[in-house]
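The next block holds one structure in the form of C-alpha cells; read it before the comments.
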Amino acid sequence: MQESHKYKAWSLNNFRDLPQMAAVPEEIRFDIEVVGRVLPFKVNNFVVDRLIDWKRAPDDPMFVLTFPQRDMLLPHHYQEMATLLKRGADGNEIKAAATRIRMQLNPHPAGQTSHNIPTLEGEHLDGMQHKYRETVLFFPSQGQTCHAYCSFCFRWPQFVGLSELKFASREVDRLIAYLEANPQVTDVLFTGGDPLIMSARNLAQYIEPLLDARLPNLRHIRIGTKALSYWPYRFLTDEDADDLLALFRKIGERGKHLAFMAHFNHPRELEPEPVRQAITRIRETGAVIRTQSPLLRHVNDDPALWADMWSRQVELGCIPYYMFIARDTGAQHYFSVPLVRAWKIFREAYQRVGGLCRTVRGPSMSANPGKVQLLGVSEIMGQKVLQLRFIQGRNPDWVHRPFFARYNEQATWLNELRPAFDEKQFFYERELGQLYRENLDTVHGEDYE
Ligand SMILES: *Cc1c(COP(=O)(O)O)cnc(C)c1O
Ligand code: SF4
C-alpha cells in the first residue's frame, strides 16, 4: 500500500507562501499578481514538487505552462493592472478592470454559445455539444474545474467566472434520450474542465446509466483529462482510486471501449514514477490512452521535444493522437506559432520517429467549419500554396478532400487564409454560410470546440 498524497493547491492569494517562490525574483512575483488578476491561476503540490524545474524558472516550460507570465497580457493591459495594484486600488476597481481586459481577450470565440448545442424535441440541451456526426461532447457539471490550470487554456473564461457553467449538465437522462434519437452517434466524450476531478461516485452516476441504457449505437466512451499529468495520484492513492479503476474496467466488461484523451504538453510530464504507474493501472483496465497537445511557443515549439514526447508515450503504451494549433483566445498572442512554422515543427518531429508514433495528426485547427490540418507547403503551377484537409467537418462530406490556400507565412489561424488560384472562397464556405444562416447569428471567428 502506498502512502496517500494530500492534494494542496495554490492560487493568487497564497502562492507567495510556496517555499520555491523565495528564490524567484520579486518582479516575477509581481507579474504573477498582475496577470493572475486577469487570467486563471492554480497549481498544486504535484505540479510544484514534481513537474516544475525551479532551477530553470522563470523560463522553465512547466513553470510557463502553469504560472502567469508578464507577456501573457498585452503591454497596455499589463500596465493598466500593474498601476492599479501599485497604488493599492480597492477590490472593486481591480475587478472592474479585470473584467474589462478579459472582454478584450476574445473570451467567447464566436459561436460557442450559439452553435453545436444539440436539441431534443425542440429543447436545447445545455451541457452538451454535437458538432461532428459520430461524437457528442458531454460536460458533467461537477467536472468543470481542473487539478491545476494551464496558462494557455481556451476554457479560461469559465475558470475566472466570466462564463457561467452554461455548458455543464447533470442530466444524463437527456444524454441518453439524445443518443437514442440519434443512432449515428457512436462516441460520447466526457470533457470539462477535467471530468476526473469528480469522485468515482459522481462519475459513476453518469457512466452507469449510460451503460444500463444498452444503446447499441454507443460504442466508445471517451474521457478528456489532464489528471495523469497534474494529479496521477487520482489513479493510485486517492481514497476512491480503486473505485475509479473498477468503473473503467466495468465499461470494457459491458462491451464499450474506453478511450482516455490525455493531455501532455511536454515530455517531462511523462517522467515522474507516479505518472508511469498511473498509466499502467489505467491500461490494465482495458482502456486505451490517446494523447494530445497544442503546439505552444515558450513551452514545446521544438521538433526534438515532440519526437521525444511521442516516443516516450508509445513506450508507455499510449497512442499519439493530435497536435493542435493554439486557439484565438486569452493569451494566444503569447503562445501562438504561425501555421507554416507549426507544420515545419510537426514534419521534422514526424520524420524523426518510427511508424508507431505516426498515428499522430497535425498540426490541426479546431476551427468553425471543422478540424483542419495543414498538410504542407507545395508549389503548384508556379504558385506557392498551403495544402489543407478536414480531419473532421461540420459536414462529414468535407473530410479528407485536399484544398489549397495562398501561401502565408504569418497566418496563425484558418480565418487569415485565402483560397489559392484566385478562387473566391474555399470549397466549403458557401455551405458553411448556409448552415450558419439556418441557426445562428455570426459567421466570424471560431467556435468553442
Ligand atoms: C475534436 C472534437 C471531437 C472528436 O474528434 P475526433 O477526431 O473523433 O477525435 C468531437 N467534437 C468536437 C467538437 C471536437 O472538437
Ligand atoms: S487541464 Fe485542460 S481544461 Fe484544465 S486548464 Fe488545462 S487545458 Fe484547460
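Note that ligands are numbered from 1 as they come in the structure, with each ligand's atoms numbered from 1 the same way.
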(message) Looking at Arg254, I'd like to know if its CZ atom is crowded, meaning that more than 12 non-hydrogen atoms belonging to other residues, nucleotides or ligands lie closer than 6.0 Å.
(response) yes

(request) For Tyr321, counting its heavy atoms only, list the atoms of ligand 1 lying under 4.0 Å from any of them. (result) 6 (P), 7 (O), 8 (O), 9 (O)

(message) Can you see whether Phe63 has Arg56 sitting over its ring - NZ or CZ less than 6.0 Å from the centre and within 45° of the normal?
(response) no

(message) Heavy atom to atom 3 (C) of ligand 1, shortest distance: which of Arg222, Lys371, Lys131, Arg133 holds it?
(response) Lys371

(message) For Trp343, does the six-membered ring have the charged nitrogen or CZ of Arg347 within the cation-pi criterion, i.e. under 6.0 angstrom from the centroid and within 45° of the normal?
(response) yes

(message) Can you see whether Phe15 has Arg29 sitting over its ring - NZ or CZ less than 6.0 Å from the centre and within 45° of the normal?
(response) no

(request) Verify the distance criterion only: is there a donor paired with an acceptor across the side chains of Arg394 and Asn116 at less than 3.5 Å? (result) yes

(request) List the atom of Pro232, the atom of Pro274, and the distance in Å for their closest heavy-atom pair. (result) CB-O, 3.7 Å

(request) Under 2.8 Å from atom 8 (Fe) of ligand 2, which protein N, O or S atoms are there? Could you list them by chain and number? (result) Cys153 SG

(request) Check whether NZ of the Lys or CZ of the Arg Arg297 lies under 6.0 Å from the centre of the six-membered ring of Phe335 and within 45 degrees of that ring's axis. (result) no

(message) I'd like to know if Gln392 contacts ligand 1, where contact means a heavy-atom distance under 4.0 Å to any ligand atom.
(response) yes

(message) Would you say that more than 12 heavy atoms from the other residues, nucleotides or ligands in this model lie under 6.0 Å from the CD of Glu239, or not?
(response) no

(request) Would you check the N or O atoms of Thr135, main chain and side chain alike, for any that come under 3.5 Å of an N or O of ligand 1? (result) no

(message) Just to check, does Leu137 reach to within less than 4.0 Å of ligand 1 when the distance is taken from its heavy atoms?
(response) yes

(message) With nothing but distance in play, are any N or O atoms of Tyr322 less than 3.5 Å from an N or O of ligand 1?
(response) yes

(request) Flag the pair Glu33 and Arg16 as a salt bridge only when some basic side-chain nitrogen lies within less than 4.0 angstrom of an acidic carboxylate oxygen. (result) yes

